[in-house]
Amino acid sequence: MELPLSRYQNISLGQILDSSSSSAFDSKAFFFSGSQLYWTNGRKRSTSFSPLRCSLVKQTLRPKPNYKPSKPHEDTEEKTNIKHTKENKFSFGLCDQIEKLVFKRRYQEALELFDFLEIEDGHGVTSSTYDSLVNACIGAKSIKGVKRVTNHMFNNGFVPDQYMSNRVLLMHVRCNMLMDARILFDEMPQRNLVSWNIMIAGLVDVGDYVEAYRLFLTMWSEYSEADSRTFATMIRATAGLGLLYPGRQLHSCVLKMGVSDDIFVACALIDMYSKCGSIEDAQFVFDAMPQKTTVGWNTIIAGYALHGYSEEALSLYYEMQDANVPMDHFTFSIVVRICARLGSLEHAKQAHASLVRHGFSLDTVANTTLIDLYSKWGRIEDARNVFDRMPCKNLISWNALIAGYANHGRGEDAVELFDKMLCEGMRPNHVTFLAVLSACSNLGLSDRGWDIFYSMDSIHNINPRAMHYACMIELLGREGLLDEALALIRNAPFEPTMNMWAALLTACRIHKNLELGVFAAEKLYGMGPEKLSNYIVLLNIYNNMGKMEEAASVIHNLKQKGLRLLPSCTWIEIKKQSHAFCSGDKSHAQTKEIYQYLDGLLVEISKHGYVPENRYLLPDVDEKEEHMLLYHSEKLAVTFGLMNTPDYVPLQLVQSHRICHDCHNALKLISKVKDREIVVRDASKFHHFKNGSCSCGDY
DNA sequence: GTAGGGTTAG
């Protein structure tokens, strides 16, 4: 499987840095942080980092109202003296309490107590209390707290040493105040390796990998400083960029510096190699780990899973168990996801049970994966149960269930859940809208769809993307509003995408508008001349219209480019035994019975109005294979994103129902399949079938 | 002398 970022593999870091004009530091976005006044020990400021930016900082620095001291001092000599004596005692007690609360991880309470310290004179506050307050802010992720603590230090003339400077920097980074953190960092009178590491890690955390690299290269070239922590962070940045070549360079540096045995570095390397497309290198690093930790195992298992090697990933998980390595919530999240991909309900149930047994039944990520897993199997009530029992739901959890409902014909529930989500104050994102618009589309709720579509920008401040447009086009198309759908494409604030034209094309096929259909198909054909699906769609349309000359020209073009249809694959699990099927392959021992069953199902769905399209698929297709190809043609459409369907299709005949919009009967079919303990899934991403080699039998 | 690093979900 080609990884999405593998196209960058041959690009050097230099090219990335040169070509990137993006910077996290937009001069307009600067705001007052107090840093220039904060570092007061008189050391010369460094100008080696973006002098231009520093001058911008000076130009644009202006105090923000909420950054001012909360209680200005009344500094008459007499009052100060009296208060100082009284409050020192008071402050000491208070400081002590704050430190104790932070030690007990009661961060919010500690910050509340800090209120009293703010009101009074804080000259007696020591580094130790500030250190605790830093932990409180980080623990509570409180931006307000960061500002209060920083101001308190400044107002009370506290001069931080190197240690406290780094702690303050860390506090800003961990509370997602990257702009402030960067200003603090640039203005620091003195930095050490820890300061650099904190700043670089902060940039990596927010995904600004290029800027992290810039900083790292500056550090490396000017100071020749870096340790295992720096490398672990930079390897993570490389993984984020998907750059194998710089990743290898970092690996070399790690070896030369003798920090390759560091567990953090090893785990980061495994992850980096996995994400950059080299699972062999990941395995090599894993094998070389002197001590294989939980994170190490998690990372290599996730790596195999990422590459589609689900069985290998699962056997590694069993190896991990045999090695008595403790498992954590990461392990179970990864394993549940693997089971979802494997399409094995048996494995999934075991993973779910293990998760509960090991005490991770409350974990948000693992539970969200379970929701996704059960939804994809159509076990939507199980998904709902998991969701309802979750003590802490985040946006992804909501999205998973809404999408689950939408993809299984439970549009009403999806829209209802979307409304509930808004009522509970959860802010939707573009994924939420994709799911809920898809639900509206399935239900034929064009008015509600429009309302939701418009609300994206007007209420939720989210610009609809091409996929949202495609959803709306599908919705309008199903209602037969082809002109409206075409107008939406033409009025889109960006170039229409293939998905948008494909949605229109589907609508044209449903409503037999061949002229608009051919227009859409030709657009598609022009947009992706190397995409096989576009040839097929156009070919089908020409054939349906009786335009034989045009059809012949498409076939000619197809042959010239050497494109051909690879066999489609599906496999099913029946009573814990998996069976794979490819187009035209009849080597299975029960081929005859299977075909009889499929024919029976076809007859059954035909009773509900399904009419197979006339297909003149491709040249050189054996007549005997045509029957098989018929079953796979919808799947092909799904694979190429021509229809809005879930990744894993319970039964491809269900797709036929979706084509004629008979969700009710599609669901009836799904439950019928479930009763027989049959699970069918799309095999197109599975490694056994890479390079078109399909085989039945063992698997 | 303190502080900074790695893996998961839609």
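Model, not experiment: these values are computed from the prediction. Naming convention: chains lettered A, B, ... in sequence-line order (proteins, then strands); numbering from 1 in each chain.
Of the residues in residues 365-374 of chain A, those placing a heavy atom less than 4.0 Å from an atom of DNA chain B are Val365(A), Thr368(A), Thr369(A), Asp372(A), in numerical order.
Rounded to a whole Å, the NZ atom of Lys292(A) is 16 Å from the C1' atom of dT7(B). dG5(B) atom C1' lies 13 Å from atom CZ of Phe216(A), rounded to whole Å. Protein atom CG of Asp363(A) is 13 Å distant from nucleotide atom C1' of dT7(B), rounded to whole Å. Between the C1' atom of dT8(B) and the CE atom of Met320(A) lies a distance of 12 Å, rounded to the nearest Å. Atoms CZ (Phe360(A)) and P (dA9(B)) sit 17 Å apart, rounded to a whole Å. Here the P atom of nucleotide dT2(B) and the CE atom of Met164(A) are 16 Å apart, to the nearest Å. In this structure, Arg341(A) atom CZ and dT8(B) atom P are separated by 14 Å, rounded to whole Å. Put simply, CG on Asn135(A) is 12 Å from C1' on dT2(B), counting in whole angstrom units.
Side-chain to base pairing of Asp227(A) with dG4(B): one donor and one acceptor N or O lie within less than 3.5 Å of each other. Between the side chain of Asn197(A) and the base of dA3(B) there is no donor-acceptor pair of N/O atoms closer than 3.5 Å.
A salt bridge links Asp419(A) to Arg448(A): one of the charged nitrogens lies within less than 4.0 Å of a carboxylate oxygen.
Among the heavy atoms of the strands lying under 4.0 Å from Leu395(A) is at least one base atom, whether or not backbone atoms are also near. As judged by a 4.0 angstrom heavy-atom cut-off over every strand, Ser333(A) is placed among the base-contacting residues. Across all strands, Asp131(A) comes closer than 4.0 Å to no nucleic acid atom at all (heavy-atom distances). When heavy atoms are screened at a 4.0 angstrom cut-off, Ser228(A) is found touching base atoms of the nucleic acid. Across all strands, Val265(A) comes closer than 4.0 Å to base atoms (heavy-atom distances). At the heavy-atom level, Ile402(A) lies nowhere under 4.0 Å from the strands shown. Residue contacts for Thr293(A): at a heavy-atom cut-off of 4.0 Å it reaches a base atom on one of the strands shown. Among the protein residues, Ile270(A) comes within range of no part of the nucleic acid, since none of its heavy atoms lies under 4.0 Å from any strand.
Counted within 6.0 Å of CD on Glu424(A), heavy atoms from surrounding residues, nucleotides or ligands total more than 12; the atom is thus considered enclosed. Residue-environment remark: CG (Asp287(A)) exceeds the threshold of 12 foreign heavy atoms within 6.0 Å. The local environment of NZ in Lys100(A) is sparse, with at most 12 non-hydrogen atoms from other residues, nucleotides or ligands closer than 6.0 Å.
Residue Lys275(A) places at least one side-chain N or O closer than 4.0 Å to OP1 or OP2 of dT8(B). OP1 or OP2 of dT8(B) has not a single side-chain nitrogen or oxygen of Arg337(A) nearer than 4.0 Å.
Of the listed nucleotides (dT2(B), dT7(B), dG5(B)), dT2(B) has the atom at the smallest distance from the side chain of Tyr163(A). Across dA9(B), dG4(B), dT7(B), the shortest atom-to-atom separation from the side chain of Arg229(A) is found for dG4(B). Side-chain atoms of Arg174(A) lie closest to dG5(B) of the nucleotides dG5(B), dA9(B), dA3(B). In this structure, of dA3(B), dT8(B), dT7(B), it is dT7(B) that holds the atom nearest to the side chain of Asp328(A). Here the side chain of Phe330(A) is nearest to one of dA3(B), dT8(B), dG5(B), namely dT8(B). Checking dT2(B), dG4(B), dG5(B) against the side-chain heavy atoms of Val194(A) singles out dG4(B) as nearest. Taking the side chain of Phe264(A) as heavy atoms from C-beta on, and the options dG5(B), dA3(B), dT8(B), the nearest nucleotide is dG5(B).
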message: Would Phe185(A) and Trp196(A) count as a ring pair (Phe, Tyr, Trp, His ring centres under 6.0 Å) here? Give the steps.
response: CA-CA 8 Å; Phe185(A) 177 77; Trp196(A) 286 89; 5.2 Å; yes
query: Between Asn385(A) and Glu381(A), is a side-chain hydrogen bond (donor to acceptor under 3.5 Å, both in side chains) present by the stated rule, with each step listed?
result: CA-CA 6 Å; Asn385(A) 279 336; Glu381(A) 294 312 323; over 6 Å; no
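Tyr374(A) and His352(A) form a side-chain donor-acceptor contact under 3.5 Å, judged by distance and modelled atom types alone. Between the side chains of Asp271(A) and Ser274(A), no donor N or O sits under 3.5 Å from an acceptor N or O. When only modelled atom types and interatomic distance are considered, Asp372(A) and Ser375(A) share no side-chain donor-acceptor pair under 3.5 Å.
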